[in-house]
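Values below: every heavy atom of this structure, side chains too, minus hydrogens, waters and symmetry copies.
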Amino acid sequence: MPELPEVETVRRGLEAAMVGARLAAVEQRRPDLRFPFPERFAERLTGQRVEALRRRAKYLIADLDGAEVLVMHLGMSGSFRIEQARGPIPGAGAKNSLHDHVTFDLSTGARIIYNDPRRFGFMQLIRRPEFAAHPLFNNIGIEPLGYEFDGAALARLFARKTTSLKAALLDQASIAGLGNIYVCEALHRAGLSPRRAAASLACNDGTPSARATRLARAIRAVLNEAVAAGGSSLRDHRKTDGALGYFQHSFRIYGRAGQLCARCGGVVRRITQAGRATFYCGGCQR
DNA sequence: AGTTGCACCTGGCTGC
DNA sequence: TGCAGCCAGGTGCAAC
């Protein structure tokens, strides 16, 4: 499910409910998701006050008033929803709660529930001083909505890469937060082929090409529009309040194999790159 | 060192 | 209606 715009949408929903509240009770319903939960996970969280909820790449990071930071990743199918703790307790066997793996009951009376059918998500507790140097975070690239991201940054990051533009854009060590959908969308907006060599964004003298600038602007634009729309709702992904994001209606290329390109009338193609589907228009993406 | 392919899971959809 | 096969928003790791 979640790329940067979806994670940011979740962050905003959780921030409003969690920041300033204490974790009055935490329930962990299985020993692992993608990885085992930390030792004594619920116990270490109980009683902690949430001071801030941040996003880095596709990670959610809750700053606690103790010595640790709670790191959460949604994987492919993770989602959060917010209910009132006084409401019906999800009963065993209720279809909707089958994959509810963690619940946080807050001092405000709200209950935050983490649901993840595929269990590719995970949660981790990291001591604050070790946070920046932690393996999860010490090799993460620049934020595409940050001030330092532009055509020059793209050209510099990709200068010596031998992979395709598509694969390079998906590499979280270069740019943090892009995923399969928004890479396809940004490349289409920029009129660049996903098969083009990543290094071709720099001119021979190493300066950023006009293509690099176009691509950086397209990435910013598509991410900003998607965040404003509350992300994309594929399958049953929802925001924390249960509402659907609606950016999926704005996809111009993703999932449109066989349809006509809205910009040039060419046929949208689907190919496989690095094991993942790529959608692009052979007419206007060069 | 950088790049690619596979593995990890469940569920939804398509086509027989 | 049932079922096999394929596909899915991510990423860590082994193998080249």
### Query
So what does Phe247(A) touch, heavy atoms closer than 4.0 Å: a base, only the sugar-phosphate, or nothing?
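Answer is nothing: Phe247(A) stays at 4.0 Å or more from every strand.
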Does the side chain of [X] get closer than 4.0 angstrom to OP1 or OP2 of [N] through an N or O atom?
X         : N       : value
Arg270(A) : dA8(C)  : yes
Thr162(A) : dT3(B)  : yes
Tyr254(A) : dG9(C)  : yes
Arg34(A)  : dG12(C) : no
His73(A)  : dT11(C) : yes

Counting side-chain heavy atoms from C-beta on, which of [options] comes nearest to [X]?
X         : options                  : answer
Glu3(A)   : dT10(B), dT3(B), dG9(C)  : dG9(C)
His99(A)  : dA8(C), dG11(B), dG12(C) : dG11(B)
Pro2(A)   : dT4(B), dG10(C), dG12(C) : dG10(C)
Ala167(A) : dG9(C), dT4(B), dG12(C)  : dT4(B)
Lys58(A)  : dC9(B), dA8(C), dT11(C)  : dT11(C)

### Query
Which pair of heavy atoms, one from Cys261(A) and one from Cys281(A), lies closest together, and at what distance?
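Scanning both residues completely, I find the closest heavy atoms to be CB-SG, 3.6 Å.
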### Integer angstrom distance from the P of dC7(C) to that of dG5(B)
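It works out to 16 Å between them.
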Could you check how far [atom1] of [X] sits from [atom2] of [N], rounded to whole Å?
X         : N       : atom1 : atom2 : result
Leu165(A) : dT3(B)  : CG    : C1'   : 16 Å
Asp116(A) : dA8(C)  : CG    : C1'   : 13 Å
Phe279(A) : dC7(C)  : CZ    : C1'   : 10 Å
Leu4(A)   : dT11(C) : CG    : P     : 11 Å
Leu33(A)  : dT10(B) : CG    : C1'   : 13 Å
Tyr182(A) : dG10(C) : OH    : C1'   : 15 Å
Lys166(A) : dG10(C) : NZ    : C1'   : 12 Å
Ile181(A) : dG9(C)  : CD1   : P     : 7 Å

### Query
Where does the angle between the aromatic ring planes of His101(A) and His99(A) fall among parallel (under 30°), tilted (30 to 60°) and perpendicular (over 60°)?
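Correct class here is perpendicular.
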Charged N-O contact under 4.0 Å between [X] and [Y]:
X         : Y         : result
Asp116(A) : Arg34(A)  : no
Asp63(A)  : Arg128(A) : yes
Arg189(A) : Glu185(A) : no

### Query
Does the ring of Phe120(A) meet both stacking tests against the six-membered base ring of dC8(B): centre distance under 5.5 Å and plane angle under 30°?
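According to the criterion (under 5.5 Å, under 30°), yes, Phe120(A) stacks.
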### Task
Measure distances between side-chain N and O atoms of Arg119(A) and base N and O atoms of dT10(B), and say whether any donor-acceptor pair falls under 3.5 Å.
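No.
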### Task
Look at the side chain of Arg276(A) and the base of dA8(C), then say whether one donor and one acceptor between them are separated by less than 3.5 Å.
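For Arg276(A), whose side chain was compared with the base of dA8(C), there is no donor-acceptor pair (under 3.5 Å).
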